[in-house]
Each structure stands twice: as structure tokens, then as C-alpha cells.
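Atoms within a ligand are numbered from 1 in the order they appear, just like the ligands themselves.
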Amino acid sequence: MSRLPLICANWKMNHTASEATRFLQDFVSRMAAHRSALDERVEIAIAPAHPVLDRLGRGLEGSGIQLAAQNLHAEESGAFTGEVSLSMLVDLGCRYALIGHSERRALFGEKDPEIAAKALRLQGSPIRPILCVGETLEERDRGATLDVVGQQLSSVLEVADGLGDELVVAYEPVWAIGTGRTATPETAQEVHAAIRKALSDRLGRAGDRIRILYGGSVNPSNAGELLSQPDIDGALVGGASLDPEAFARIALACLEIP
Ligand code: PEP
């Protein structure tokens with residue numbers, strides 16, 4: 001089963017609109033020579049902070065690069081100060097939205113039912129969810145990785161049961177995020193294969209088509225080996241995506257996959 005790899009930048013709370021514009025000029029010029037190969041071999045998305053979506057979205061027009069949001073609220077409108085709704089993101093041209101990022105879970109107290117409600121809100125909309133799952137170091141050390149990841153996944157699939165292959169999953173071991181410590185390709189593949197099996201058991205053939213990204217200290221040096229694993233269908237990239245050269249090298253690594 002061939003799945004188009006997706007390389008998504010998660011800028012977190014970095015890059016103002018002016019910095020995003022400069023990033024884009026640099027990034028697009030680095031990718032220009034590979035444009036046709038890229039369109040066929042990899043999909044690229046960038047998730048800036050919400051106030052930057054508008055400016056970046058305008059800059060991305062015609063580039064083939066997709067706009068992504070880092071989060072959204074599960075309700076469509078109402079008294080939710082500081083929050084952003086699905087229709088606001090659709091209006092800005094977003095194609096993807098991260099949900100359940102480990103920083104949202106750990107720092108902002110998001111739990112599985114809230115994340116499932118966000119997935120349900122996205123179901124049937126023009127925006128595809130990138131559902132982030134992953135275990136902490138303590139959970140890995142006590143051998144609970146597959147249970148934790150399985151629970152994070154099934155809590156969403158039980159509620160948003162019509163997503164099919166619109167869903168993208170990002171396996172991001174919490175101990176590898178922003179730490180410089182990457183899961184080995186074999187360790188990552190083992191969890192990706194378990195996620196693939198869980199998806200196929202529940203969704204049949206659609207489970208085979210769902211892209212499972214790896215995230216956690218991906219950089220230009222380790223991207224190629226990670227992306228060569230059979231069930232790693234792209235990457236969610238934090239720190240290294242802030243630098244246009246590093247992010248371009250990660251995206252270009254997809255062209256080397258046999
Ligand atoms: C992330 O936060 O989604 C992430 C993968 O970060 P980093 O690449 O910096 O580990």
C-alpha cells in the first residue's frame with residue numbers, strides 16, 4: 001500500500017507573521033527545483049500559531065503547501081474566550097488541524113473525551129485531523145506504551161467513527177519531543193505497526209490508507225532512516241521546522257525513499 005508521505009511543521013508558539021513570510025520565501029526557493037517531484041512524492045504542511053494563519057495562508061497560495069492549525073475548540077461558536085472554531089479555520093483555508101498534541105495534554109489538561117469531541121467536529125469538514133498520540137517515559141519504562149497509545153486512539157475512533165482515511169495519526173513519544181532524543185527507527189516502526197493493526201482491525205481497508213507520522217526530534221540527519229520504515233508515512237516536526245534549510249532537507253528526504 002503506497003501512502004503519500006506528509007511532512008508537517010509544528011511551529012508551536014514561534015514565528016511572528018513577518019518571520020513566517022521570511023521563512024516561506026527561503027523555504028519555497030529551496031524547494032523550487034524539486035517542485036514536480038515533490039507534488040507527486042510528498043505533501044508538505046505548516047502549522048503556525050493562530051494569529052499567523054492568515055498571513056501564512058496568503059503566502060502559501062499556489063505553492064502546493066498546505067496550511068494547518070495547531071488546535072481548535074470542539075464547539076462551533078459561543079462564550080469560549082481565547083478559543084478558535086472549525087469554521088474560522090476553514091475560512092482561513094486550513095487543510096489540517098493538530099489535535100491532542102502532548103503539550104496540550106500535559107500543559108493545558110486536555111483529556112481523551114475533549115480530543116475525541118474535536119475529532120468529531122472535524123469529521124465531514126474540509127479539515128483533516130492529525131491526531132497526536134504517545135507515551136511518557138514513565139509509561140514506556142513500565143511497558144505500557146501500546147496500552148496508552150491504543151487507548152488514546154480508540155477513544156477518538158469510538159466517537160468520531162466516520163473519519164476513515166481522512167484521519168492522520170502522529171505517533172509522538174513524549175520523551176522524544178524537544179529533547180533531542182529520537183526513537184530509533186526500529187522502536188518507532190514497532191509502535192507504528194501496532195497502530196496500523198489497530199486501525200485496520202477497526203476500519204478495514206481504510207486503516208491501510210491512513211497515514212501515521214512520526215514526531216519527536218526529527219532532524220535532517222535522522223529523517224531518511226525514520227521515513228524508510230514501512231509504517232512511517234511522514235513526520236510531524238517541531239524544533240527543526242523553524243529553520244527553512246532543515247525543514248527543506250527533511251521534506252527532501254522523502255524523495256530518497258525507495
Ligand atoms: C512536536 O512538538 O510535535 C515535535 C515533534 O517537536 P520536536 O520535533 O521539537 O521534538
Side-chain angles (χ1 to χ4, degrees), residues 5-15 19-20 23 27 42-50 52-53 56 65-72 94-110 115 118-119 128-137 139-140 145 148-149 152-153 156 167-185 187-189 191-192 195 211-227 229 231-254:
L6 171 63
I7 304 292
C8 181
N10 174 14
W11 283 353
K12 311 189 185 191
M13 198 171 71
N14 297 292
H15 279 342
E19 288 163 344
F23 172 101
F27 181 71
V42 60
E43 187 177 17
I44 299 171
I46 302 177
H50 284 153
V52 179
L53 281 167
L56 186 69
I65 301 168
Q66 308 286 359
L67 187 65
Q70 294 178 18
N71 189 26
L72 80 162
C94 288
R95 184 73 183 101
Y96 292 96
L98 304 184
I99 54 171
H101 190 278
S102 64
E103 286 152 16
R104 300 291 322 165
R105 294 178 194 259
L107 304 175
F108 302 97
E110 284 191 18
I115 296 160
K118 293 180 187 200
R128 296 171 160 211
I130 300 178
L131 168 65
C132 303
V133 298
E135 81 288 4
T136 62
L137 191 54
E139 288 161 342
R140 171 159 284 269
T145 299
V148 170
V149 168
Q152 290 170 338
L153 197 58
V156 165
L167 177 67
V168 178
V169 177
Y171 169 57
E172 299 205 301
V174 179
W175 46 270
I177 295 182
T179 59
R181 201 179 145 186
T182 322
T184 63
T187 306
Q189 166 58 27
V191 181
H192 280 236
I195 294 173
R211 289 172 294 177
I212 309 174
L213 317 185
Y214 171 78
S217 298
V218 174
N219 61 46
S221 311
N222 61 26
E225 229 190 321
L226 286 160
L227 292 166
Q229 299 299 312
D231 288 295
I232 300 187
D233 310 313
L236 183 54
V237 188
S241 74
L242 295 171
D243 171 21
E245 187 201 349
F247 191 54
R249 286 174 61 199
I250 293 169
L252 291 172
C254 291

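Applying the salt bridge (Lys or Arg N to Asp or Glu O under 4.0 Å) definition to pairs two or more places apart or across chains, those involving residues 211-220 are E43-R211.
Partners of H101 by ring pair (Phe, Tyr, Trp, His ring centres under 6.0 Å), not counting sequence neighbours: none found. For the ring pair (Phe, Tyr, Trp, His ring centres under 6.0 Å) test, no residue two or more places apart in sequence or in another chain qualifies with Y96.
At distances below 3.5 Å, not a single donor-acceptor pair connects side-chain atoms of S241 with backbone N or O atoms of A9. The main-chain N or O of R181 is never found under 3.5 Å from a side-chain atom of W175 such that the two would form a donor-acceptor pair.
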Ligand 1: which protein N/O atoms lie under 3.5 Å from its N/O atoms?
residue	atom	partner	partner atom	Å
ligand 1	2 (O)	K12	NZ	2.6
ligand 1	2 (O)	H101	NE2	2.8
ligand 1	3 (O)	H101	NE2	2.9
ligand 1	3 (O)	E172	OE1	3.1
ligand 1	3 (O)	E172	OE2	2.8
ligand 1	6 (O)	K12	NZ	3.4
ligand 1	8 (O)	S217	N	3.4
ligand 1	8 (O)	G238	N	2.8
ligand 1	9 (O)	G239	N	2.8
ligand 1	10 (O)	G178	N	2.7
ligand 1	10 (O)	S217	N	2.7

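Taking the six-membered ring for Trp and thresholds of 30 and 60 degrees, H192 and Y214 have ring planes inclined between 30 and 60 degrees apart.
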